Novice: 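My questions will all concern the structure given below.
Just so we're clear, the structure is a prediction, and the values are computed from it rather than from any experiment.
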Amino acid sequence: MSSMAGLGASQHGYPPRSHEPWTKLVHRERLPEWFAYNPKTMRPPPLSHDTKCMKILSWNINGLHDVVTTKGFSARDLAQRENFDVLCLQETHLEEKDVEKFKNLIADYDSYWSCSVSRLGYSGTAVISRVKPISVQYGIGIREHDHEGRVITLEFDGFYLVNAYVPNSGRFLRRLNYRVNNWDPCFSNYVKILEKSKPVIVAGDLNCARQSIDIHNPPAKTKSAGFTIEERESFETNFSSKGLVDTFRKQHPNAVGYTFWGENQRITNKGWRLDYFLASESITDKVHDSYILPDVSFSDHSPIGLVLKL
């Protein structure tokens with residue numbers, strides 16, 4: 001558990017401004033009050049050394065095997081740079097038979113893995129933590145939703161942390177009905193049951209760019225998975241309207257900050273926000289920082305972070 005939030009905004013080692021495409025606002029339907037999120041200048045100062053906090057990162061890595069090699073910015077590099085307490089990973093693509101070799105992915109951290117059993121090497125999530133949880137649960141307790149390794153829940157003293165990789169609606173939206181009429185209500189109900197005993201933080205790739213502020217060109221994306229009217233309405237119905245707060249949007253209500261960049265969109269800032277931290281309203285006053293690390297370019301998703309005062 002951290003005694004401080006880590007390095008301040010000016011100490012994160014971001015590249016020179018000319019190499020920071022995330023600071024160039026190219027949104028098609030932007031409003032005058034919108035601005036580009038720049039973590040180099042917009043993150044709050046670090047907490048004092050005697051302030052207890054937990055630093056949580058979440059990252060869709062699009063396959064674990066390469067992220068542990070020297071081919072790109074690895075999980076170990078991220079640990080060295082960010083000094084996080086907990087790292088939530090989505091889309092690990094790992095099979096159960098391979099988990100053992102990755103259990104000690106980062107020294108001094110314990111790890112918890114959930115793999116798909118219906119399609120081997122598909123989906124998958126992991127949580128890597130140096131804070132020992134009180135309990136760990138895999139899945140949401142419903143068989144038809146728990147065969148793809150999409151959810152891991154860690155219980156800590158003051159809250160539950162749910163790492164989720166929400167099902168994509170798929171090519172030609174073949175799974176749209178499953179997504180909005182089955183998965184979303186069931187997952188939302190799972191979170192609300194947890195909330196009866198403790199506040200909840202949901203971290204992960206929720207596969208929904210829910211507002212036009214999150215989408216570079218909304219009209220062009222309405223028939224694409226993650227961007228449909230049905231998915232965005234489902235997000236509001238099952239999460240936002242039930243008291244789960246988008247921590248980044250609460251801290252930066254008018255900032256265009258992308259977490260998913262698409263095909264080579266990183267150089268033009270034409271991205272979409274599909275990754276979130278959602279928190280129970282009762283715990284949002286403890287959120288010190290909710291941020292994006294857009295310069296980490298190994299995956300087509302950027303890591304997102306949350307600093308929670310304890």
Novice: Could you pull out the closest heavy-atom pair between I106 and R76, with the gap in Å?
Specialist: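 For I106 versus R76, the nearest heavy atoms are CG1-CG, 4.4 Å.
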Novice: Provide the closest heavy-atom pair for W59 versus L87 in the form atom of the first, atom of the second, distance.
Specialist: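 So the two residues come closest at CB-CD1, 4.5 Å.
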Novice: Remaining members of F172's ILVMFWY cluster at a side-chain heavy-atom cut-off under 4.5 Å?
Specialist: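 Its cluster partners, ordered by chain and number, are none at all.
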Novice: Who passes salt bridge (charged side-chain N to carboxylate O under 4.0 Å, His left out) against E91, sequence neighbours left out?
Specialist: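 E91 satisfies salt bridge (charged side-chain N to carboxylate O under 4.0 Å, His left out) with no other residue.
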Novice: Judged by atom type as modelled, is there a donor-acceptor pair below 3.5 Å linking the side chain of K192 to the main-chain atoms of K242?
Specialist: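 Confirmed, K192 side chain pairs with K242 backbone.
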Novice: If you measure only the distance, is there a donor-acceptor pair under 3.5 Å linking the side chains of T125 and N163?
Specialist: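 No, no side-chain donor-acceptor pair sits under 3.5 Å.
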Novice: Tracing side-chain links under 4.5 Å among I, L, V, M, F, W and Y, which residues wind up in one group with V26?
Specialist: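 For V26, no cluster forms, as it stays isolated from other hydrophobic side chains.
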Novice: Could you go through the side-chain contact (heavy atoms from CB on, under 4.5 Å) check for Y190 and T153 one step at a time?
Specialist: CA-CA 11 Å; Y190 170 74; T153 302; 2.6 Å; yes
Novice: Apply side-chain contact (heavy atoms from CB on, under 4.5 Å) to residues T51 and H288 and explain how you reach the verdict.
Specialist: CA-CA 11 Å; T51 301; H288 173 70; over 6 Å; no
Novice: Look up atom CD in Q137 and atom CD in E155, then write down how far apart they are to the nearest 0.5 Å.
Specialist: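 Reported to 0.5 Å precision, the distance equals 10.0 Å.
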Novice: List in chain and number order the residues that pass side-chain hydrogen bond (donor to acceptor under 3.5 Å, both in side chains) with T259, two or more places apart in sequence or in another chain; answer none if no residue qualifies.
Specialist: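 Per chain and number, T259 pairs via side-chain hydrogen bond (donor to acceptor under 3.5 Å, both in side chains) with D275.
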Novice: Do F239 and L206 make a side-chain contact, defined as non-hydrogen atoms from C-beta onward lying under 4.5 Å apart?
Specialist: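 Heavy-atom side-chain distance check fails, nothing below 4.5 Å.
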Novice: Check for a donor-acceptor pair, side chain of H27 on one end and backbone N or O of N269 on the other, with a separation under 3.5 Å.
Specialist: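 Judged by distance alone, no pair lies under 3.5 Å.
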Novice: Any side-chain heavy atom of F159 within less than 4.5 Å of one from L308?
Specialist: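 Of all side-chain heavy-atom pairs linking L308 with F159, at least one is under 4.5 Å.
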Novice: Is there a donor-acceptor pair under 3.5 Å between the side chain of T228 and the backbone N or O of A225?
Specialist: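 Judged by distance alone, no pair lies under 3.5 Å.
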Novice: Other residues, nucleotides and ligands only: do more than 12 of their heavy atoms fall within 6.0 Å of CD on E100?
Specialist: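 No - once you tally the heavy atoms of other residues, nucleotides and ligands closer than 6.0 Å, there are 12 at most.
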Novice: Is a side-chain N or O of H93 found less than 3.5 angstrom from the main chain of I61, in a donor-acceptor match?
Specialist: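 No: the side chain of H93 does not pair with the backbone of I61.
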Novice: Within the side chain of N207, is there an N or O that forms a donor-acceptor pair under 3.5 Å with the backbone of S169?
Specialist: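 Pair absent, no side-chain N/O of N207 close to backbone of S169.
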Novice: Quick one: which residue pairs count as a side-chain hydrogen bond (donor to acceptor under 3.5 Å, both in side chains) with a foot in residues 104-115, not counting sequence neighbours?
Specialist: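 As it turns out, the side-chain hydrogen bond (donor to acceptor under 3.5 Å, both in side chains) pairs with a partner in residues 104-115, which skip direct neighbours, are Y109-R130, S111-W113.
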Novice: Within this structure, what is the OG-CG distance for the pair S58 and D205, rounded to the nearest 0.5 Å?
Specialist: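 Answer for the OG-CG pair, S58 versus D205, is 8.0 Å.
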Novice: Working to the nearest 0.5 Å, report the span between SG of C208 and CZ of R273.
Specialist: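 Answer rounded to 0.5 Å: 10.0 Å.
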Novice: Are any side-chain N or O atoms of S123 and backbone N or O atoms of S116, one a donor and one an acceptor, separated by less than 3.5 Å?
Specialist: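 The answer is no, because no donor-acceptor pair under 3.5 Å joins these two groups.
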Novice: Using 30° and 60° as the class limits, which term best fits the ring planes of F235 and Y276: parallel, tilted or perpendicular?
Specialist: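 Judged by the thresholds at 30° and 60°, the geometry between F235 and Y276 is tilted.
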Novice: For G257 and Y37, which heavy atoms make the closest approach, and how far apart are they?
Specialist: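 Closest approach of G257 to Y37, heavy atoms only: CA-CB, 3.9 Å.
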Novice: Tell me, which pairs form a ring pair (Phe, Tyr, Trp, His ring centres under 6.0 Å) where one or both residues lie in residues 121-143, sequence neighbours left out?
Specialist: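 For residues 121-143, and leaving out neighbouring residues, there are no ring pair (Phe, Tyr, Trp, His ring centres under 6.0 Å) pairs at all.
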Novice: Got a second to check how far K55's NZ is from D85's CG, nearest 0.5 Å?
Specialist: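 Taking NZ in K55 and CG in D85, the distance rounds to 8.5 Å.
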Novice: If you measure only the distance, is there a donor-acceptor pair under 3.5 Å linking the side chains of Q251 and S290?
Specialist: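 Judged by distance alone, the side chains do not pair up.
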Novice: Measure the acute angle between the ring planes of F187 and W183, then classify it against the limits of 30° and 60° as parallel, tilted or perpendicular.
Specialist: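 F187 vs W183 ring planes: parallel.
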Novice: Can you list everything that forms a side chain to side chain contact (heavy atoms under 4.5 Å, CB included) with A36? Sequence neighbours excluded, please.
Specialist: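 Scan of A36 (side chain to side chain contact (heavy atoms under 4.5 Å, CB included), adjacent residues dropped) gives L25.
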Novice: Under the salt bridge (Lys or Arg N to Asp or Glu O under 4.0 Å) rule, what pairs show up with a residue in residues 226-238, not counting sequence neighbours?
Specialist: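 Passing the test, one end in residues 226-238: R179-E231, R210-E236.
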Novice: Please give me the minimum heavy-atom distance between L244 and S280, naming the atom from each residue.
Specialist: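 Minimum heavy-atom separation between L244 and S280: CD2-N, 4.0 Å.
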Novice: Which heavy atom of P253 sits nearest to which heavy atom of I213, and what is that distance?
Specialist: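 Nearest pair, atom of P253 first, then I213: O-CD1, 3.7 Å.
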Novice: Tell me if a side-chain donor or acceptor on K221 pairs with a main-chain N or O of H216 at a distance below 3.5 Å.
Specialist: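 Judged by distance alone, no pair lies under 3.5 Å.
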Novice: State which residues pass side chain to side chain contact (heavy atoms under 4.5 Å, CB included) with I142; sequence neighbours excluded, sorted by chain then number.
Specialist: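 Counting only residues at least two positions away or on another chain, I142 forms a side chain to side chain contact (heavy atoms under 4.5 Å, CB included) with I140, E144, H145, C186.
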Novice: How close do L57 and G305 get, heavy atom to heavy atom, and via which atoms?
Specialist: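 Minimum heavy-atom separation between L57 and G305: CD1-CA, 4.1 Å.
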Novice: Can you list everything that forms a side-chain hydrogen bond (donor to acceptor under 3.5 Å, both in side chains) with S302? Sequence neighbours excluded, please.
Specialist: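 Testing S302 for side-chain hydrogen bond (donor to acceptor under 3.5 Å, both in side chains), a comparison that skips the adjacent residues, returns W261.
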Novice: Mind checking who shares a hydrophobic cluster with I134, ILVMFWY linked at side-chain heavy-atom distances under 4.5 Å?
Specialist: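 Joined to I134, directly or through intermediates: none.
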Novice: Check whether more than 12 heavy atoms from other residues, nucleotides or ligands sit under 6.0 Å from atom CD1 of I229, and answer yes or no.
Specialist: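 Counting neighbours around CD1 of I229, 12 or fewer heavy atoms of other residues, nucleotides or ligands fall under 6.0 Å, so no.
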Novice: Would you call V245 and I283 a side-chain contact if the rule is heavy atoms closer than 4.5 Å?
Specialist: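 No. Closest side-chain heavy atoms not under 4.5 Å.
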Novice: Are the side chains of R249 and D214 in contact, using a 4.5 Å heavy-atom criterion?
Specialist: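 Yes, side chains in contact.
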Novice: Taking transitive links into account, so neighbours of neighbours count too, which hydrophobic residues share a cluster with F227 at under 4.5 Å side-chain distance?
Specialist: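 Besides F227, the hydrophobic cluster comprises I215, F260, W272, L274, listed by chain and residue number.
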